[in-house]
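One-based numbering along the sequence shown. Quick caveat, the model's predicted, so the values are computed rather than measured.
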Amino acid sequence: MRILVTNDDGIYAEGIYKLASALEKVGEVWVVAPDRQRSATGHAITMHDPLRAEKVNLFDKSFPAWSINGTPTDCVKLAIEALMDKKPDIVFSGINKGPNMGTDVLYSGTVSAAIEAAILGIPAVAVSLADHENVNYEYAAEFSASIVDKVLSNPLPPDTLLNINVPNCSKENLNGVKITTLGVRKYKNAFIERIDPRGQVYYWLGGEIVDYHNEEGTDIHSVQNNHISITPIHFDLTKFDLIEKLNHWHIKLA
């Protein structure tokens, strides 16, 4: 079994090292990841600059690893279509430092990398550790390795991936696994105006969560209650139940 591992925190992030190390116990691991932090890049791809792939030694591991000067989506596309001599059986993206829950998945480079794998017809899983401080990736990595066989023996529908968020606590403090829907997270954005050394104005984006929906059954509620959240995501964004209503608008050419 061949497993492609990527992320959006960069190839030297602790999370990808822990994930690849755990997955190495169940299959042949290849790592193709951004050369630096690429969080919140969404599903961006590089079209107007060359992509460069540098083979690297990833800590003490012997599995093949490439550092890419592109986005997480670039990494998956380049790995599958150019770097690997045969397609992987499954793709894992992560382990992200911080949660990817609710509407955040639309911004997430971690989730977007898994979406790209699903677009290419390969089973895909995005994994995030739902905290930013004092993180411990050990159990999230162990859990990821434990579900490989389940994902491969129970094929996902086309264009579908799994988005997993793991609470940042010990295994003993976990309350189990929940299959969830996406919640909603909203932010109060703040653009801070600054002046660079040449006197030019620039803006730095910050923000904080001001409103979110965390009803029972959502990924947000589950993680808050120390459950591992697994959300199946289908990237067809069509609002099917609105099609018939729009047909009744009888929209004509102007």
Side-chain angles (χ1 to χ4, degrees), residues 5-23 31 33-44 71-73 75-76 91-117 124-144 147 161-171 173-175 177-178 180-190 192 204-214 218-231 233:
V5 181
T6 191
N7 73 350
D8 73 359
D9 288 336
I11 193 163
Y12 294 111
E14 182 183 1
I16 197 171
Y17 172 76
K18 295 293 188 182
L19 177 60
S21 299
L23 292 172
V31 175
D35 59 0
R36 58 192 183 276
Q37 174 63 252
R38 290 286 191 168
S39 292
T41 53
H43 207 87
T71 67
T73 301
C75 292
V76 173
V91 174
F92 273 81
S93 182
I95 300 167
N96 189 68
K97 184 179 182 180
N100 278 304
M101 300 185 294
T103 40
D104 285 354
V105 301
L106 297 173
Y107 305 110
S108 169
T110 303
V111 175
S112 291
I115 288 174
E116 185 61 30
V125 181
V127 185
S128 301
L129 188 66
D131 207 341
H132 295 279
E133 304 294 335
N134 301 315
V135 293
N136 186 335
Y137 297 99
E138 294 292 343
Y139 183 69
E142 178 186 335
F143 180 79
S144 299
I147 69 166
L161 60 133
L162 299 181
N163 184 44
I164 299 176
N165 283 275
V166 181
N168 185 30
C169 64
S170 67
K171 182 177 180 179
N173 288 327
L174 287 168
N175 292 321
V177 178
K178 293 280 190 180
T180 59
T181 62
L182 292 175
V184 177
R185 306 184 91 187
K186 296 182 180 180
Y187 293 85
K188 179 180 180 181
N189 293 321
I192 301 169
W204 198 280
L205 174 63
E208 60 183 32
I209 298 174
V210 294
D211 182 27
Y212 56 87
H213 298 276
N214 62 344
T218 64
D219 49 2
I220 297 169
H221 181 275
S222 296
V223 169
Q224 288 176 340
N225 289 277
N226 277 9
H227 289 93
I228 294 175
S229 164
I230 302 179
T231 308
I233 295 177

J.: Under the rule for salt bridge (charged side-chain N to carboxylate O under 4.0 Å, His left out), what residues qualify as partners of Asp9, not counting sequence neighbours?
T.: none
J.: Indicate yes or no: at least one non-hydrogen side-chain atom of Ile16 is less than 4.5 angstrom from one of Tyr137.
T.: no
J.: Please identify each residue that fulfils side chain to side chain donor-acceptor pair (under 3.5 Å) with Ser144, with sequence neighbours left out.
T.: none
J.: Supply the atom-to-atom distance Thr6 OG1 to Ile11 CD1, rounded to the nearest 0.5 angstrom.
T.: 8.0 Å
J.: List for me each residue that meets salt bridge (charged side-chain N to carboxylate O under 4.0 Å, His left out) alongside Glu142, sequence neighbours excluded, and say none if there are none.
T.: Lys171
J.: As an exercise, state the distance from OG of Ser222 to CG of Asn165, rounded to the nearest 0.5 Å.
T.: 10.0 Å
J.: Which atoms form the tightest heavy-atom contact between Ala33 and Asn7, and what is the distance?
T.: CB-OD1, 3.5 Å
J.: Not counting sequence neighbours, which residues clear side chain to side chain donor-acceptor pair (under 3.5 Å) with Asn134? List them please.
T.: none
J.: Are a donor atom and an acceptor atom from the side chains of Thr180 and Thr231 found within less than 3.5 Å of each other?
T.: yes
J.: To check you understand the geometry: which heavy-atom pair defines the closest contact between Gly109 and Asp8, and what is its length?
T.: N-OD2, 3.4 Å
J.: Mind checking what makes ring pair (Phe, Tyr, Trp, His ring centres under 6.0 Å) contact with Tyr17, not counting sequence neighbours?
T.: Phe59
J.: Looking at Thr71 and Ala44, what are the two nearest heavy atoms and their distance?
T.: OG1-O, 2.6 Å
J.: Residues two or more places apart in sequence or in another chain: which of them pass side chain to side chain donor-acceptor pair (under 3.5 Å) with Asn163?
T.: none
J.: Cut-off 3.5 Å, no hydrogens considered: what does the side-chain donor-acceptor table look like for residues 91-102, sequence neighbours left out?
T.:
unit_1 : atom_1 : unit_2 : atom_2 : d
Ser93  : OG     : Thr110 : O      : 2.8
Asn96  : OD1    : Thr110 : OG1    : 3.1
Asn96  : ND2    : Gly98  : O      : 2.8
Asn100 : OD1    : Ser108 : OG     : 3.0
Asn100 : ND2    : Ser108 : OG     : 3.4
Asn100 : ND2    : Ser128 : OG     : 2.9

J.: Tell me if a side-chain donor or acceptor on Thr218 pairs with a main-chain N or O of His221 at a distance below 3.5 Å.
T.: yes
J.: Are side-chain heavy atoms of Pro72 and Arg38 found at a separation under 4.5 Å?
T.: yes
J.: Just wondering, do Phe143 and Val127 contact through their side chains at under 4.5 Å, heavy atoms?
T.: no
J.: Within this structure, what is the CG-CD1 distance for the pair Leu182 and Ile220, rounded to the nearest 0.5 Å?
T.: 8.5 Å
J.: Do Ile228 and Leu174 have side chains that get closer than 4.5 Å, going by heavy atoms?
T.: yes
J.: List the residues meeting side chain to side chain donor-acceptor pair (under 3.5 Å) with Ser112, not counting sequence neighbours, and say none if there are none.
T.: none
J.: Kindly write out the residues that satisfy side-chain contact (heavy atoms from CB on, under 4.5 Å) with Asn168, not counting sequence neighbours, or none if the list is empty.
T.: Leu129, Asp131, Val135, Asn136
J.: Indicate the atoms forming the closest heavy-atom contact of Ala20 with Val31, along with that distance.
T.: CB-CG2, 4.0 Å
J.: Going by heavy atoms in the side chains, are His227 and Val177 under 4.5 Å from each other?
T.: no
J.: Which residues pass the side-chain contact (heavy atoms from CB on, under 4.5 Å) test with Asn226, sequence neighbours left out?
T.: Pro167, Cys169, Asn173, Asn175
J.: Can you name the salt bridge (charged side-chain N to carboxylate O under 4.0 Å, His left out) partners of Lys18, sequence neighbours left out?
T.: Glu138
J.: What residue pairs, at least two apart or across chains, pass salt bridge (Lys or Arg N to Asp or Glu O under 4.0 Å) with a residue in residues 219-231?
T.: none
J.: Indicate the atoms forming the closest heavy-atom contact of Arg185 with Tyr212, along with that distance.
T.: CA-CB, 3.9 Å
J.: Step by step, would you call Ile233 with Leu162 a side-chain contact (heavy atoms from CB on, under 4.5 Å)?
T.: CA-CA 6 Å; Ile233 295 177; Leu162 299 181; over 6 Å; no
J.: Just verifying a value: how many Å separate Asp35 CG and Tyr12 OH, rounded to the nearest 0.5 Å?
T.: 9.5 Å
